[in-house]
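The structure appears right after this line, and notes come after that.
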Amino acid sequence: MADRFLIDSHKLIYHPRRTAQLLEVAGSWERACSVYPIYMEISPIGACNHRCTFCAVDYVGYQPQRLSLELMARRLPEMGRLGVKSIMYAGEGEPLLHKDIAPLIRLTREAGIDVALTTNASLLPTGFIGEALPNLSWIKASINAGTPAGYAAIHRTRERDFHQVVENLGLLTAARRRDGLQVTIGAQSLLLPDNAADMVPLARLCRDDMGLDYLVVKPYSQHQFSTTRRYADLTYDHLLDLERELTGLNTATFQVVFRSHTMRKYGNSDRYERCYAVPFLWAYVMANGTVSGCSCFLLDDRFEYGNLNENTFQEIWKGERRRRGFELVRDQLDIQECRRNCRMDDINRYLHRIVSGAVAHVNFI
């Protein structure tokens with residue numbers, strides 16, 4: 001079964017106008033300033049109720065900051081008008097801890113923006129099913145083990161949270177079925193030495209008990225600034241054989257997306273020489289309102305363009321700080337500073353092939 005959601009690939013090919021606009025920048029800030037992101041990741045709250053052993057943004061400190069609903073009610077319609085196509089609520093903290101997450105999701109959709117949620121799913125706020133679920137394109141739950149004990153060890157929480165996650169996701173899929181909703185509901189797990197033996201039981205649980213659409217099994221990627229270094233030297237050659245057993249569990253309604261393509265890339269030296277995606281195709285908003293060009297460089301002021309509490313999104317995106325960020329990536333950034341297998345990696349590989357002329361005879365289509 002093919003990866004029907006293109007999770008182990010990219011979808012920039014479905015945005016030819018924005019791609020052409022980016023390519024036409026050719027180093028000019030005057031052209032660059034009006035290329036708005038297709039996709040944004042927004043952290044509605046910095047607090048988190050788990051302390052996962054692999055957490056990439058542990059260095060941020062799980063601060064109890066939050067974006068106000070009143071602020072976002074002003075900023076979201078503006079983002080939609082400027083060409084933002086999608087927003088994923090995730091970030092430094094657990095988005096379902098935000099007391100206004102359901103109306104925030106509804107307001108996002110009303111702004112004409114597709115909206116998704118990545119969560120640990122251990123919480124299910126009152127009113128979420130009625131107000132948020134009909135407005136979501138997808139929900140992805142982070143479940144990094146297939147047993148209560150394994151889950152508690154990796155998520156560094158209580159075993160009862162595992163049972164709560166299973167119950168909550170079952171409630172969501174039941175509500176989807178009852179109300180005829182189109183939202184896709186899935187799960188993801190980082191593949192670690194600690195949980196490799198749990199992947200088959202987890203896949204069965206996702207398929208048979210929770211009624212999910214998919215389980216993504218993906219590689220760990222060491223964040224440059226993370227406090228944790230527990231998995232820094234992890235390789236995947238000895239774990240690739242899991243793919244056959246896991247994909248053997250696929251059905252017409254459930255799929256394991258085993259990200260072997262990304263696992264194989266992780267240790268490869270073959271790479272592009274510059275980042276083409278930043279500061280164009282995506283943006284990150286922290287729970288304190290800071291707009292950043294890249295989640296791999298949170299708290300690095302070279303990638304911070306402004307704050308939504310102080311300026312409109314258009315003022316920030318066309319502002320002096322983003323201009324400096326654009327020039328940094330264009331002229332100075334050493335790609336070795338960047339996280340391997342970052343969210344924009346496949347997009348950068350795609351754009352590199354276009355810009356560099358690496359593919360021969362392209363006119364013979």
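In this text, all values refer to a predicted model and were calculated from it rather than measured experimentally. Along the sequence shown, residues carry numbers from 1. Because only heavy atoms are used, hydrogens play no part in the values below, and waters and symmetry mates are left out as well, while side chains stay in.
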When rounded to the nearest 0.5 angstrom, what distance separates [atom1] in [X] from [atom2] in [Y]?
X	Y	atom1	atom2	value
Leu202	Asn195	CG	CG	8.5 Å
Glu245	Asp241	CD	CG	10.0 Å
Phe128	Leu171	CZ	CG	12.0 Å
Asp213	Lys140	CG	NZ	12.0 Å
Thr247	Phe258	OG1	CZ	9.0 Å
Asn135	Leu117	CG	CG	12.5 Å

If we ignore hydrogens and angles and just use 3.5 Å, is the side chain of [X] paired with the main-chain N or O of [Y] as donor and acceptor?
X	Y	value
Thr184	Trp138	no
Lys318	Arg323	no
Gln21	Ser34	yes

Run the salt bridge (Lys or Arg N to Asp or Glu O under 4.0 Å) test on Glu315 and Arg322 for me, step by step, so that the C-alpha distance in whole Å, both residues' side-chain angles and the decisive distance to 0.1 Å come before the verdict.
CA-CA 10 Å; Glu315 289 170 341; Arg322 181 169 170 261; over 6 Å; no
ILVMFWY network linking [X] to [Y], side-chain heavy atoms under 4.5 angstrom:
X	Y	result
Met79	Trp282	yes
Leu123	Tyr62	no
Val355	Leu12	yes
Met263	Leu215	yes

Please examine the side chains of [Y] and [X], heavy atoms only from C-beta on, and report whether any two atoms are closer than 4.5 Å.
X	Y	result
His50	Ser122	yes
Leu205	Met210	yes
Pro279	Tyr305	yes
Cys48	Arg51	yes
Cys275	Asn348	yes
Phe297	Phe225	yes
Leu281	Tyr36	no

Before you tell me yes or no, could you show the steps for Arg340 and Ser221 under side chain to side chain donor-acceptor pair (under 3.5 Å), namely the whole-Å CA-CA distance, both residues' side-chain angles and the distance that decides it to 0.1 Å?
CA-CA 6 Å; Arg340 287 195 169 272; Ser221 173; over 6 Å; no
Taking 4.0 angstrom as the limit, do [X] and [Y] come out as a salt bridge?
X	Y	result
Asp161	Arg156	no
Arg324	Glu327	no
Asp114	Arg109	yes
Asp331	Arg274	no

Which salt bridge (Lys or Arg N to Asp or Glu O under 4.0 Å) pairs, counting each pair once, include a residue from residues 343-364, with sequence neighbours left out?
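Every pair satisfying salt bridge (Lys or Arg N to Asp or Glu O under 4.0 Å) with a residue in residues 343-364: Glu41-Arg343, Lys265-Asp345, Lys265-Asp346, Asp345-Arg349.
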Do the side-chain N and O atoms of [X] and [Y] include a donor-acceptor pair separated by under 3.5 angstrom?
X	Y	result
Thr235	Asp237	no
Tyr151	Asp198	no
Asn250	Gln255	no
Thr19	Tyr350	no
Asp58	Thr228	no

As a quick check of understanding, evaluate ring pair (Phe, Tyr, Trp, His ring centres under 6.0 Å) for Phe162 and His155, giving each step before the final call.
CA-CA 10 Å; Phe162 179 80; His155 285 251; 9.0 Å; no
According to the interplanar angle, ranging from 0 to 90°, do the rings of His223 and Tyr59 count as parallel (below 30°), tilted (30 to 60°) or perpendicular (above 60°)?
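The rings of His223 and Tyr59 sit tilted, inter-plane angle from 30° to 60°.
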Quick check on side chain to side chain contact (heavy atoms under 4.5 Å, CB included): which of Val216, Leu191, Asp3 does Arg259 satisfy it with?
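Passing option: Val216.
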Sequence neighbours excluded - ring pair (Phe, Tyr, Trp, His ring centres under 6.0 Å) pairs with any residue from residues 164-195:
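Matches after skipping sequence neighbours: none remain.
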For residues 188-208, which residue pairs qualify under ring pair (Phe, Tyr, Trp, His ring centres under 6.0 Å), counting only residues two or more places apart or in two chains?
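Residue pairs passing ring pair (Phe, Tyr, Trp, His ring centres under 6.0 Å), neighbours aside: none found.
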What verdict does the ring pair (Phe, Tyr, Trp, His ring centres under 6.0 Å) test give for Tyr220 and Phe54, after you've listed the backbone C-alpha separation in whole Å, the side-chain angles of each residue and the deciding distance to 0.1 Å?
CA-CA 8 Å; Tyr220 174 80; Phe54 55 79; 7.3 Å; no
Using the ring pair (Phe, Tyr, Trp, His ring centres under 6.0 Å) criterion, which residues pair with His352? Sequence neighbours excluded.
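Per chain and number, His352 pairs via ring pair (Phe, Tyr, Trp, His ring centres under 6.0 Å) with no residue.
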Output a table of donor-acceptor pairs, distance under 3.5 Å, between side-chain atoms of residues 284-295 and any protein atom two or more places apart or on a different chain; print 'none' if there are none.
residue: Tyr284; atom: OH; partner: Glu92; partner atom: N; Å: 3.2
residue: Tyr284; atom: OH; partner: Glu92; partner atom: OE2; Å: 2.9
residue: Asn288; atom: OD1; partner: Thr290; partner atom: N; Å: 2.9
residue: Asn288; atom: OD1; partner: Thr290; partner atom: OG1; Å: 2.9
residue: Ser292; atom: OG; partner: Cys294; partner atom: N; Å: 3.3
residue: Ser292; atom: OG; partner: Cys294; partner atom: O; Å: 3.1
residue: Ser292; atom: OG; partner: Phe303; partner atom: O; Å: 3.3

With a cut-off of 3.5 Å and sequence neighbours excluded, list every side-chain donor-acceptor pair involving residues 98-108.
residue: His98; atom: ND1; partner: Asp100; partner atom: N; Å: 3.0
residue: His98; atom: NE2; partner: Arg66; partner atom: NH2; Å: 3.4
residue: His98; atom: NE2; partner: Leu67; partner atom: O; Å: 2.6
residue: Asp100; atom: OD2; partner: Arg66; partner atom: NH2; Å: 3.2
residue: Arg106; atom: NE; partner: Glu131; partner atom: OE2; Å: 2.6
residue: Arg106; atom: NH1; partner: Glu110; partner atom: OE2; Å: 3.3
residue: Arg106; atom: NH2; partner: Glu131; partner atom: OE2; Å: 3.2
residue: Thr108; atom: OG1; partner: Tyr89; partner atom: OH; Å: 2.7
residue: Thr108; atom: OG1; partner: Leu104; partner atom: O; Å: 2.7

Verify the neighbour count for atom [atom1] of [X]: are there more than 12 heavy atoms of other residues, nucleotides or ligands below 6.0 Å?
X	atom1	value
Arg229	CZ	yes
Glu320	CD	yes
Asp334	CG	yes

Decide if the gap between the ring center of Tyr214 and the ring center of Phe254 is smaller than 6.0 angstrom.
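Ring centroids of Tyr214 and Phe254 are no less than 6.0 Å from each other.
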